[in-house]
Amino acid sequence: MKVGVITLFPELMDGALEHGVIGRARTKGQLELELSNPRDLTADKHRTVDDRPFGGGPGMVMTPAPLSAAIVSLKEAMPEAPVVYLSPQGRPFDQAMARAWQAHGSVILVAGRYEGIDERVIDRLVDEEVSLGDFVLSGGEFAALAIIDAVTRLEPGVLGDPLSAEEDSFGIEGLLDCPHYTRPEVYENQTVPAVLMSGDHKAIARWRRQQSLARTRDRRPELLEKADLTKEDKVFLTSLGPSDGN
Ligand SMILES: NC(=O)c1ccc(NCc2cccc(O)c2)nc1
């Protein structure tokens, strides 16, 4: 997986991607990260990357020239990569997008700062505007980090057990994940559901599926509409009483 990032804080991105699963993926060459800082592509001695918004209003806007130069430099290195701008105005990011970009093999992420970027850069160079959720961050870098993690962990060989990428939430046809337990068997006087200790793998799989279905119904009922449910799933859901929302 090749990921390009345009950011004013390359050291922030680099540092955050040196640890854990993603850090090992970089060491093993499963993730190649290419960073480009618009400030390095400025023409003035003050290395200006932002300016006041036309029409007035608070804050600053990232100026088009250095940002465009940074995007073009990564497009030259990764000509097939879609250019994705992270902003609250974008299409909601989801697991399907993560799978699509992993399958494509490369993506260029534009992390904005300030109030955003000059719209002419979006018109000319951005293929897709994407949002991590309905909230505003001080910059797109943390949204980019989340996307890089979500995409890289889908890369074959990155996760120890390939199934777990499938079995996470949104892996089993978009249902929420079931509860998990590990040792000790009794913790603060609380035990583990007996079925998980039974060794009956069929019963355990059924319990886990039913827990996922119940949780999804209670917490994210809209996901059930899109889920691929079996007849047994539907019978189970009908058998549940009114949702308690938890
Ligand atoms: N929800 C998100 O994905 C998200 C992305 C970026 C961001 N901050 C930078 C930024 C960029 C553009 C406009 C803007 O208002 C703020 N904050 C939240």
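Here the structure is a predicted model, which means the values were calculated and not measured. Whatever order the structure lists ligands and atoms in, that order sets their numbers, starting from 1.
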For Y187, is the OH atom crowded, meaning more than 12 foreign heavy atoms sit under 6.0 Å from it? no

Any atoms of ligand 1 less than 4.0 Å from a non-hydrogen atom of G112? List them with their elements. 9 (C)

Are R209 and E232 close enough for a salt bridge, meaning some N to O gap below 4.0 Å? no

Which residue and atom name correspond to the protein heavy atom nearest atom 10 (C) of ligand 1, and how close is it? P88 CD, 4.3 Å

Heavy-atom nearest neighbour of atom 18 (C) of ligand 1 within options Y85, F135, Y114: F135

Among protein heavy atoms, which lies nearest atom 5 (C) of ligand 1, and at what distance? S87 CA, 3.5 Å

May I ask you to decide whether E128 forms a salt bridge with R91, counting only side-chain N to carboxylate O separations under 4.0 Å? yes

Do T152 and Q30 meet the criterion of a side-chain donor-acceptor pair at a distance under 3.5 Å? no

Are R217 and D233 close enough for a salt bridge, meaning some N to O gap below 4.0 Å? no

Of the non-hydrogen atoms in P66 and T63, which two are nearest, and what is the gap between them? CD-OG1, 3.4 Å

Lys/Arg N to Asp/Glu carboxylate O, E185 vs R183, below 4.0 Å: no

Quiz question: by atom type and distance under 3.5 Å, do the side chains of S87 and Q89 form a donor-acceptor pair? yes

Under 4.0 Å from one or more heavy atoms of G133, ligand 1 contributes atoms 1 (N)

Which atoms from ligand 1 have a heavy atom of S131 less than 4.0 Å away? 1 (N), 2 (C), 3 (O)

Within-shell test, F93 vs ligand 1, heavy atom, strictly < 4.0 Å: no

Contacting atoms of ligand 1, where contact means under 4.0 angstrom from a heavy atom of L132: 1 (N), 2 (C), 3 (O)

Taking 4.0 angstrom as the limit, do D40 and R47 come out as a salt bridge? yes

Relative to the heavy atoms of V136, which atoms of ligand 1 are at a distance of less than 4.0 Å? 17 (N), 18 (C)

Tell me which protein heavy atom sits closest to atom 8 (N) of ligand 1, plus the residue, atom name and distance to 0.1 Å. L137 O, 3.0 Å

In terms of residue, atom name and distance, what is the protein heavy atom nearest to atom 15 (O) of ligand 1? E115 O, 3.9 Å

Taking only non-hydrogen atoms of G116 and a 4.0 Å limit, the atoms of ligand 1 in range are 12 (C), 13 (C)

Proximal ligand 1 atoms for G139, defined as those under 4.0 Å from one of its heavy atoms: 7 (C), 8 (N), 9 (C)

If you measure every N/O of L86 against every N/O of ligand 1, is any gap under 3.5 Å? no

So, are R113 and D50 salt-bridged, with charged N and O less than 4.0 Å apart? no

Taking 4.0 angstrom as the limit and counting only heavy atoms of G140, give me the atoms of ligand 1 inside it, by number and element. 6 (C), 8 (N), 9 (C)

